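Here is the structure we will look at.
Worth saying up front: this structure is predicted, and the values here are computed from it rather than measured. Each chain gets a letter, A, B and so on, in the order its sequence line appears, and its residues count up from 1.
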Amino acid sequence: MKQHPVALIIVLIVILITFILGISIFSQQLLHRDSENLKAALEIAVKYAAAENWNGAESSLGEVEKTWTKVKGTWSALIDHVEIDNIDVTLAQLQSLIKAKELPGSLSEAAALKTYIGHIPEKEKLKLENLF
Amino acid sequence: MLVVFVRALVLYIIVVITMRIMGKRQIGQLQPFELAIAIMISELAAVPMQNTGIPLINGIIPILTLLVAQLLMSLLSLKSMRTRALFCGRPAILIEKGKINEEELRKELYTLNDLLEQLRIKNFPNIEDVEYAILETNGQVSVIPKSQKRPLNPQDMSIKTDYEGITIDVIIDGKVMDDNLKTAGKDRQWLVKELRKQQYSSPGDLLFACIDSSGKLFCQPHRTRTHGRAVDAVNGQPGEGG
């Protein structure tokens with residue numbers, strides 16, 4: 001049976017809206033989940049560094065790097081690539097500071113990394129401050 | 001470089017599909033809201049095409065969102081007169097019963113020079129000949145001439161005319177358009193017979209052929225083949241040239 005064009009347009013609009021909303025909600029949830037995982041792994045590394053347990057800090061940071069490598073590909077498709085580069089650079093700096101056993105530098109870089117990771121899902125949230 | 005190449009291709013395909021879904025008016029005479037969307041889409045596609053730092057999805061989602069907005073607006077305009085007036089505006093009568101409507105000109109910010117220019121474009125160099133000039137919602141001016149100034153037509157002279165329908169293309173670049181042939185109520189057998197009558201051996205010999213409303217087949221052979229056919233005709237071997 002030939003469908004009426006108006007009915008077809010309505011079906012198309014519903015499909016498109018569902019697709020757009022679906023992608024938006026999925027990407028927001030994905031970014032939030034991954035960011036929480038990364039922050040939790042980073043928190044452990046910070047605790048070790050604060051206690052000057054550099055071996056523990058290094059292996060925990062290895063876990064952070066592993067998680068980051070896993071999520072990086074998906075994040076690249078969703079967020080500005082400058083944000084990805086910022087995280088890459090800060091993570092590399094933190095790794096070398098931990099290797100050098102520099103407490104103040106490590107803690108400040110870890111804080112910067114945490115902010116970079118944490119503010120991405122915040123930026124994607126539907127909030128007034130993000131709209132304007 | 002390859003990334004930019006693929007991104008450009010993906011965005012191009014999406015923009016073409018979007019414009020096709022939006023309808024034919026999008027590539028012809030645009031309503032104000034359609035023009036706004038066309039400009040925005042071109043910008044939205046151009047930015048992620050050049051800047052590989054921006055995820056492709058950041059260009060695709062706004063384009064799809066505009067498509068949804070445009071479809072909704074078109075649908076609302078189709079269903080409601082009020083919405084149509086709101087989105088598209090109303091036609092403005094610039095010349096009414098042969099008199100220039102100054103108030104409408106001012107309202108539409110349309111100068112007399114613009115009006116005269118449009119009348120000249122429509123082949124009305126003398127404003128006296130115009131009964132009505134209407135500024136349509138897509139920015140075009142429609143002109144209705146005074147009855148004494150309009151072109152003479154067969155009805156004015158009480159002349160009977162034969163029916164004239166549309167001509168149907170049946171061969172384009174040597175290929176037979178089977179659907180069009182069916183629309184004309186003919187089949188391939190008829191076509192081959194007609195081609196033979198006109199001394200062509202196959203549809204491949206023709207650049208173009210069409211059927212007019214009286215059922216007559218018009219043929220235009222390929223240039224090189226025309227030459228061949230002419231030579232063959234002179235040699236007494238019509239239809240075998242190629």
Side-chain angles (χ1 to χ4, degrees), chain A residues 2-35 68 70-90 116-117 119-127 130-132, chain B residues 1-4 6-7 9-11 13-26 31 33-34 37 40-41 44-45 47-81 83-84 87 179:
Chain A
K2 201 180 172 188
Q3 251 185 316
H4 195 273
V6 173
L8 265 179
I9 291 174
I10 292 171
V11 169
L12 187 67
I13 289 173
V14 171
I15 291 172
L16 283 172
I17 290 177
T18 315
F19 173 73
I20 293 168
L21 289 181
I23 286 253
S24 309
I25 293 167
F26 169 76
S27 69
Q28 204 181 310
Q29 283 181 347
L30 185 103
L31 288 173
H32 180 76
R33 193 196 64 201
D34 289 346
S35 141
W68 172 235
K70 260 192 225 165
V71 303
K72 200 173 152 182
T74 329
W75 279 34
S76 300
L78 301 171
I79 61 166
D80 197 325
H81 298 182
V82 175
E83 305 271 12
I84 309 272
D85 294 343
N86 283 342
I87 295 172
D88 273 336
V89 171
T90 319
Y116 279 138
I117 294 169
H119 92 283
I120 289 167
E122 284 303 311
K123 256 176 71 177
E124 295 297 316
K125 272 187 190 163
L126 188 66
K127 291 195 293 191
N130 288 340
L131 288 177
F132 299 102
Chain B
M1 277 295 167
L2 208 60
V3 175
V4 180
V6 175
R7 286 168 78 99
L9 273 183
V10 171
L11 284 163
I13 291 164
I14 288 168
V15 171
V16 169
I17 293 171
T18 306
M19 299 304 264
R20 281 285 292 116
I21 295 173
M22 280 181 183
K24 282 201 171 57
R25 281 194 315 185
Q26 221 60 29
Q31 293 293 343
F33 72 94
E34 292 167 335
I37 279 177
M40 285 169 82
I41 283 182
L44 281 169
V47 172
M49 210 184 275
Q50 296 163 336
N51 189 350
T52 48
I54 299 171
L56 210 53
I57 198 91
N58 283 13
I60 295 170
I61 293 291
I63 290 174
L64 292 182
T65 309
L66 288 179
L67 168 64
V68 170
Q70 200 276 338
L71 287 176
L72 272 173
M73 277 196 186
S74 299
L75 213 62
L76 287 172
S77 304
L78 204 69
K79 293 276 169 196
S80 144
M81 286 284 281
T83 326
R84 203 177 310 161
F87 291 145
D179 286 346

Assert top hit (heavy-atom pairs under 4.5 Å, partner chain A, pool Leu56(B), Ile54(B), Asn51(B), Leu64(B)) equals Leu64(B)
Heavy-atom pair of closest approach, residues Pro55(B) and Ala77(A):
CB-O, 3.3 Å
Output for pair (Phe19(A) CZ, Thr65(B) OG1), nearest 0.5 Å, gives 10.0 Å
So, taking the atom named CD1 in Ile23(A) and the one named CD1 in Ile60(B), what distance separates them when rounded to the nearest 0.5 Å?
9.0 Å
Heavy-atom cut-off 4.5 Å, strictly under: side chain, backbone, both or neither for Leu71(B) against chain A?
both
Count the heavy-atom pairs under 4.5 Å between each of Asp80(A), Ile84(A), Asp85(A), Val82(A) and chain B, then report the option with the highest count.
Asp80(A)
Picking from Leu78(A), Ile10(A), Ile17(A), which has the most non-hydrogen pairs under 4.5 angstrom with chain B?
Leu78(A)
As an exercise, state the distance from CD1 of Ile20(A) to CD1 of Ile57(B), rounded to the nearest 0.5 Å.
9.5 Å
